[in-house]
Every structure is written in C-alpha cells, then in structure tokens.
Protein chains: 2
Amino acid sequence: MENNSTIRLDAIDLQIIKLLQKNARITNKELAAQLDLTITPVYERVKRLEKTAVIGQYVALIDADKTGKGLMALCMLRLEKHTKDKLAQFEAHVAKIPEVTECYHLAGQYDYHLKILVKDMNAFQDFIVNKLSTNENLANIQSSFVMKKITDTTAVPLE
Amino acid sequence: MENNSTIRLDAIDLQIIKLLQKNARITNKELAAQLDLTITPVYERVKRLEKTAVIGQYVALIDADKTGKGLMALCMLRLEKHTKDKLAQFEAHVAKIPEVTECYHLAGQYDYHLKILVKDMNAFQDFIVNKLSTNENLANIQSSFVMKKITDTTAVPLE
DNA sequence: GATGAAAGGGAAAAGAG
DNA sequence: CTCTTTTCCCTTTCATC
C-alpha cells in the first residue's frame, strides 16, 4: 500500500503536519494543547519528522506583488532533442535563471513546465529573449499569465 | 516605478526576507549577526514586514511523496462559458476540492491552471471524473504529469 | 509510549543615548 | 539605530513511570 519512500505516519503525526503547514512558528506547547498531549512527545515527533525529512524546510511566504514581482507567468515548452545529454544541459541552463521558481520535467503534451516571477511584461520579455531562449535546444514556448489566484497553497492535502 | 501595493524595502529588508525565505525559524539573534546589526532593529523590521503582509505566512514545507501524495499533475483547462457568474461558480467549485493546491485564472490559451497532488494515477482518475468534471461548464482539460522537479522553490527571486 | 521538572536561551517591550 | 534591562515563555534535556 505504500512505497519505500513513504514513512509511517499516525493520526497524531498527520495532525502535527497539518498545523505546521499552516503555521511553522506554532510552539510545541500550543501543538501539545491542540493535540491533548504534553510537550515532550510533541517535541520528539516533530524532531522525528524533521530527521526523516517529512518536514523539509520551514519558510516564510512572501507577497510577490509587494516585493515588485507582480507578474506570474506559466510556460509550457518543448525541446528539439530529447537525448539524455540535451535534457541535462537544458535543465542546468534553467536552474541558473533566478526568475524561474518552478521547473518540472513532464510526461504529456509538453516537455517542461516553468513558473516565472517577474516585475512586469517588459521583464518577462527580457526573460524570454535573453535568458530562456538562449538555449539552442528550445523548440517552442506556450506562455500564460496569471490574472487571479483562486487557490495557492504550499500545504499537501492530508485526509 | 512602483505601484501602490509595493512597500518600500531597503537592502536590509531584502536581506531579512531572503534569509526568512530559506529558514522561517532563524532567530532574530542569528539574523542580527548575519546582517551586522543588533537584535532590536531586526526585531522591529521583521514585525513591520509581518504587519504590512510582505511576509504573509510562516509554513512548514512537507515532502508530498513521504505523505503518500506521490503524483503531481498539472491541468490546463478551458470553460464553455465565460460569464462572470459562470466563472465565479467554477472557481467556487474548484476551491472546495482538496487535491487542488493551486488554481490560477489565466490570460492566454487556457482559462485555468491547476496543480493537483494525489497518491497515484487511480486517484487522479477519480479526481478528474468525480471531482473536477462534475462541473457542467468545463469544456476540456489538458493534463501533464510531473516526472522530475528541477527547480521547486517558494522563494520570490530578489536581486 | 507518556509525564513533569530544571537549565538555558530567545522573544518581547520599554527606557536611554 | 544601538544598547541594556526585565519579564516571560519556550526549547531542550533528563529522570521517571
């Protein structure tokens, strides 16, 4: 029922994860109160989740608009050649571009999905022409622009 | 040069944001040390960034694989009708589906972009048939599946 | 597994230069 | 902005059940 990268998590672990996904700075005391436990077992469970990398990172989520990155673009793209070397070369290229906050290698109609954060349409054009399209192996790009975020969460859905 | 939702951030603010985007649990003491400041101004700047919602949230990032959500899918979709009511109705529908971690209203070739986290392809099929496609206004869906994450960060790129 | 107590340290707030 | 102090609370560890 579970693959080898799955770690056994009981209902309490899942509750802890749920709460930490909403607020990384909740205290162990507050967690314990909400779970009807004392601090120590909560502390040990959290430490275990960190050690097993179920919890990967604690981060601050920043409002991109307020830092002057008001335009989010999504790019679906195809490459000319799909040899192992060419893929690795393209991925190394994309990994160096700071505007790219997501790059996924896909199965489906397109090869890669990119999420781009830039100031405005001028900056996007600069990104396309001077940063992305400098890769020779790129075949074509299909870009969309985010007008409104209906849902936007980093939380993994847990039953 | 900046729109009204932009907040004036100096170099120190940007440094604080950069560090908190990497680690939400860094202490003010550690921040102060890295910025060559004392704790008080760091404390006050962080509080200001929180109050002005430049920092929106502190969250724990969870390894989806390890919680049994090993399949990430991206759906681009089109609706039949684009009246204001129909759009709102579709958005309300999608907002209620837990598997959807992102839903963006787009300008471009497609109407909406969805990011989906599920256990496996069976769960995805169930999502499509029983949860997403129950909306009458849906025209068509183009799905892709993430094979590999090259870049995947929540950090907004800052110079 | 859990509890409870103790030591050390950070958070928060206020006063002064 | 820096420095300092004070209070309070949390983290972490350890002995114990």
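Chain letters run A, B, ... following the sequence lines, proteins first, then strands; residues in each count from 1. Only heavy atoms go into these numbers, but all of them, side chains included; no hydrogens, no water, no symmetry mates.
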Under 3.5 Å side-chain donor-acceptor pair for B:E91 and B:Y112 = yes
Would you say the side-chain atoms of B:Q142 and A:Y110 include a donor-acceptor pair closer than 3.5 Å?
-> no
Describe the nucleic acid contact of A:T27 in one word from base, sugar-phosphate, nothing, applying a heavy-atom distance below 4.0 Å.
-> sugar-phosphate
Using a cut-off of 4.0 Å on non-hydrogen atoms, how would the nucleic acid contact of B:R45 be classed: base, sugar-phosphate, or nothing?
-> sugar-phosphate
Take atom [atom1] of [X] and atom [atom2] of [N], then tell me their distance rounded to the nearest Å.
X     : N      : atom1 : atom2 : value
A:R25 : C:dG10 : CZ    : C1'   : 12 Å
B:K29 : D:dT2  : NZ    : C1'   : 17 Å
A:Y43 : D:dA15 : OH    : P     : 15 Å
A:E44 : D:dT13 : CD    : P     : 10 Å
A:K47 : D:dT11 : NZ    : C1'   : 9 Å
B:I39 : D:dC3  : CD1   : P     : 10 Å
B:I26 : D:dT11 : CD1   : P     : 17 Å
B:K51 : C:dA12 : NZ    : P     : 10 Å

Give the minimum heavy-atom separation between A:S144 and B:M76, together with the two atoms involved.
-> OG-CE, 3.8 Å
Do B:K119 and B:D126 meet the salt-bridge criterion of a basic N to acidic O distance under 4.0 Å?
-> no
Residue whose closest nucleotide on DNA chain D lies nearer the 5' end, A:E30 versus A:T40 | A:E30
